[in-house]
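Only one structure is covered here, and it is reproduced in the block below.
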Number of protein chains: 2
Amino acid sequence: MTPKKIGGERRGRGRPPSFDRGQALCAAMRLFWDRGYDGTSFDDLIAAMGISASSFYHAFGSKEALYQEAIDAYIKVAGGWFFAALNEETDTRTTFGHLLAAAAAEFTRDDLPAGCMIAVAATQCAPTQARLRDLLASQRTQSEDAMADRLRRGMAAGDLPADTDIEALAAFYGSLLRGMAVQARDGASRERLLEIARIGMQAWPAAQPHPHDS
Amino acid sequence: MTPKKIGGERRGRGRPPSFDRGQALCAAMRLFWDRGYDGTSFDDLIAAMGISASSFYHAFGSKEALYQEAIDAYIKVAGGWFFAALNEETDTRTTFGHLLAAAAAEFTRDDLPAGCMIAVAATQCAPTQARLRDLLASQRTQSEDAMADRLRRGMAAGDLPADTDIEALAAFYGSLLRGMAVQARDGASRERLLEIARIGMQAWPAAQPHPHDS
DNA sequence: TTTTTTTTGGTGTCATCGCTCCATAAATCC
DNA sequence: GGATTTATGGAGCGATGACACCAAAAAAAA
């Protein structure tokens, strides 16, 4: 096979890879995203990545290791809009409104698989896959923690009533996002997801009545 | 093996089964519920059901056929509390509050697997399992339709503003329930789920201001 | 008792899955 | 150019997964 020039700079001794590792990883991510870990076979992977079994193991080690890399790659993609929305410089309520709207849009892109790669992955799996299950559950926890952090900042800024249960509110929006991801995978339209998001924002804690408020 | 007396009445000619079909199906349902379709192997199944491979195929036909029966059995279990809550004779808002609370309780029973068997099943799977995916998606749609029906009745009874988007509201509570199921599988406590449910009820449509309302 | 019907135990099969090995190819370094 | 290093192609391997077959067993029916 004709070796292709990949990436600008090349150095190091041996034969250069005939494929772009990043592109191959991206192809694997899409496949895992769409079909899950079990639903994606080794042969599916190397076909989609355009590489041979030996190159696969040489470059990625194992299916499970590749999956973990794919998760990391996904977090670079989804974490992009997720944290961008969370770190927006607006009041907390607007931030969460935008976060849900961004999710509705991202879950229904036509250039990527529907839904979220992590939201509902490995919730039902064999005991032998406990590692994957824990990995995914941990990622879900982390995204919820990020939302809780943002809510805490919001409370400090006075955007939320002082008696708001931050953890519960973060769990609520985390649940809603996961449910939206399922809807997306079942074929829900972007508009439908936006409606769900809009209703979800109706649950935003009402401001406490203050003596000096209108 | 000593043939066991099972069920009250026996008739028909041949050798009686040495196991209770209902119990075996129940054991399979629990396993599928906990581990999903892919995560449950043939050997796992016959071990949990306490029967041999030949008895398995004789009684259930195939793994996929058994899964469908297990889904039906689950619907008998979960449909019980689900439709009981939906058909409660109260106002619509109270009904949905009780529905979410019932889900929180049922998703965290200590005598059954956590979460819901259907909520997030087969959202990511191989193309060869399109049948299962469609089956599960259809079940999810049905439960959402049932909620929409109840909301429509509620609107007719004046429990909901006339401009309420019924489909969107049903999709919202459907999403929330699925998200709660994921939380449950990730180990969330019943109390946490109840908090999520409580917040979800804050999204209930506000009554339209009427001239003759207080 | 004999026949008929149904279930069971045990063994075998066939495909797939994830993975490994090794000889060879293609690059750099000396 | 030769040595060294890294990647590739291709063949194959052991385990598992889902399932099939068939003779024997256990019941009712004749």
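Order of the sequence lines fixes the chain letters, A, B, ..., with proteins taken first and strands second; residue numbering starts at 1 for each chain.
Looking at B/S138 and B/T141, their side chains never bring a donor and an acceptor atom within 3.5 Å of each other. For the residue pair B/T108/B/R190, the side-chain donor-acceptor check at 3.5 Å is satisfied. With hydrogens and angles left out, the side-chain atoms of A/D38 and A/Q129 include a donor and acceptor closer than 3.5 Å.
Remark: C1' of D/dT8 and CG of A/D20 are 17 Å apart, rounded to the nearest angstrom. In this structure, CZ of B/R21 is placed 14 Å from C1' of C/dT7, rounded to the nearest angstrom. One can place CG of B/D38 at 11 Å from P of C/dG18, the figure rounded to the nearest angstrom. In this structure, B/D43 places its CG atom 16 Å from P of C/dG12, rounding to the nearest Å. Rounded to whole Å, atom C1' of D/dA26 lies 15 Å from atom CZ of B/F19. Put simply, CG on B/L45 is 8 Å from P on D/dA18, counting in whole angstrom units. We find that CD of B/Q129 is positioned 14 Å from P of D/dG17, with the value rounded to whole Å. Between B/I46 atom CD1 and C/dT7 atom C1' there is a gap of 15 Å when expressed in whole angstrom units.
Of the candidates C/dC29, C/dT8, C/dG18, C/dC29 carries the atom nearest the A/R13 side chain, counting heavy atoms from C-beta on.
Aromatic rings from B/F56 and B/F42 are positioned such that their centres are separated by under 6.0 Å.
One finds no side-chain N or O of A/S18 lying less than 4.0 angstrom from the OP1 or OP2 phosphate oxygen of D/dA7.
Applying the side-chain hydrogen bond (donor to acceptor under 3.5 Å, both in side chains) criterion to B/N87, with sequence neighbours excluded, gives B/R153.
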Review item, nucleotides 23-25 of chain C N/O atoms under 3.5 Å of protein N/O:
unit_1 : atom_1 : unit_2 : atom_2 : d
C/dA25 : N3     : A/R15  : NH1    : 3.2

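If you check residues 50-69 of chain A against DNA chain C, the residues with a heavy atom closer than 4.0 Å are A/A53, A/S54, A/Y57, A/S62, A/K63, listed by number.
With respect to A/R150 and A/E88, no salt bridge is recorded, no charged nitrogen being found less than 4.0 Å from a carboxylate O. Ion pairing between A/R93 and A/D91 fails under the 4.0 Å rule for side-chain N and carboxylate O. The existence of a salt bridge linking B/E167 and A/R192 is excluded, since no basic side-chain nitrogen approaches an acidic carboxylate oxygen closer than 4.0 Å.
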Check the pair B/S175 / A/Q183 against side-chain hydrogen bond (donor to acceptor under 3.5 Å, both in side chains), numbers first and verdict last. CA-CA 7 Å; B/S175 290; A/Q183 297 268 4; 3.2 Å; yes
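For C/dT16, the paired nucleotide is D/dA15, the pair qualifying as Watson-Crick or G-U wobble because both relevant distances are below 3.5 Å.
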